[in-house]
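The structure appears right after this line, and notes come after that.
Bear in mind the structure is a predicted one, so any value in this text is a computation, not a measurement. Throughout, numbering of the chain's residues begins at 1 and tracks the sequence. Any value given below was found using the heavy atoms of this structure, including those in side chains, with hydrogens, waters and symmetry copies removed.
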Amino acid sequence: MSTGELLSIEPLELKFPFELKKQISCSLQLSNKTDQHVAFKVKTTNPKKYCVRPNTGVVLPRSTCDVIVTMQAQKEAPPDMQCKDKFLLQSVKVNEGATSKDIYPEMFNKEAGHVVQECKLRVVYVSPPQPPSPVQEGSEEGSSPRGSVSDNGNFSTAELSLSSRSFADRLEPLEKSSEARALISKLTEEKNNAIQQNNKLRKELELLRRGGNKNSGGVSFLLIIFIGLLGIILGYIMKKT
């Protein structure tokens with residue numbers, strides 16, 4: 001603040017993050033670093049476009065006042081995003097105890113002999129803040145789903161997923177092959193047991209024949225039944241294998 005300046009202004013530009021069809025606001029802070037009561041008034045070259053609250057007021061000694069400037073929603077952007085609008089802040093000393101109700105337009109008239117300080121402010125359009133872009137997961141469309149290795153040597157999620165799927169694809173036929181081998185082994189064991197049972201029955205029948213049992217007719221009938229059952233069992237086992 002220069003010597004004799006009544007109010008200091010921060011910032012010295014009205015910066016609006018310009019967006020179409022949207023009301024935008026920015027603020028000014030007026031600081032009174034003197035021991036005097038200071039009245040102010042804010043003017044603009046385009047009053048229909050902006051709303052200033054408050055546009056007049058009194059700043060007490062060693063205190064501050066915030067002024068909100070709102071730009072109405074715009075239907076189109078200006079060429080090259082350049083704005084020609086200007087603001088003017090006028091300030092003047094007032095008596096102690098004065099309030100905004102005591103302010104009248106003639107107070108800021110230099111021709112009437114009042115000491116009025118003025119500060120011009122220009123309007124600047126800036127780009128609105130951009131939201132952070134979302135992190136893409138997986139591979140891009142049309143590219144191979146290859147993973148990558150990070151700087152610390154760890155595999156990426158895509159590569160680990162691919163390795164897991166590949167391992168599962170190799171494991172599935174192995175599991176099927178193991179099941180088939182187990183079934184074949186079981187059937188072979190059953191076949192061997194049936195052959196051993198057949199040999200045992202044959203030996204028992206041979207002993208019965210040599211013993212000359214009187215009930216030879218009954219023995220012959222039992223022999224036919226055993227041989228028939230044995231044939232059925234062997235046929236069933238051979239069919240499975």
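Checking side-chain atoms of Asn32 against main-chain N and O of Leu60 turns up a donor-acceptor pair under 3.5 Å. Between the side chain of Glu13 and the backbone N or O of Pro11 there is no donor-acceptor pair closer than 3.5 Å.
Note: Tyr50 and Phe87 have perpendicular aromatic rings, judged against thresholds of 30 and 60 degrees for the angle between ring planes.
Thr44 has its side chain out of reach of Leu88: every pair of non-hydrogen atoms, C-beta onward, lies at least 4.5 Å apart.
Gln117 pairs in a side-chain contact (heavy atoms from CB on, under 4.5 Å) with only one of the listed residues (Lys93, Glu5, Gln90), which is Glu5. Put simply, the residue from Val116, Val38, Val59 that forms a side-chain contact (heavy atoms from CB on, under 4.5 Å) with Ser91 is Val38.
Interatomic distance, CG of Asn199 versus CG of Leu201, reported as 9.0 Å (0.5 Å rounding). Atoms OG and CG, on Ser31 and Leu6 in that order, are 13.0 Å from each other to the nearest 0.5 Å. The line from CD1 of Ile9 to CG of Leu89 is 4.0 Å long, rounded to the nearest 0.5 Å. Expressed to the nearest 0.5 Å, how far CZ of Phe16 lies from CD of Gln74 amounts to 10.0 Å.
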Give every donor-acceptor pair under 3.5 Å between a side-chain atom in residues 96-107 and any protein atom, sequence neighbours left out.
{"unit_1": "Thr99", "atom_1": "OG1", "unit_2": "Lys101", "atom_2": "N", "d": "3.4"}
{"unit_1": "Asp102", "atom_1": "OD2", "unit_2": "Thr99", "atom_2": "N", "d": "2.9"}
{"unit_1": "Glu106", "atom_1": "OE2", "unit_2": "Asn109", "atom_2": "ND2", "d": "3.2"}

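Taking the six-membered ring wherever Trp is involved, the centroid distance between the rings of Phe108 and Phe40 does not fall below 6.0 Å.
Here salt bridge (charged side-chain N to carboxylate O under 4.0 Å, His left out) pairs that include residues 78-87, with residues two or more places apart or in two chains, are Lys49-Asp85. Sorted by first and then second residue, the pairs that involve residues 55-64 and meet side chain to side chain donor-acceptor pair (under 3.5 Å), not counting sequence neighbours, are Asp35-Arg62.
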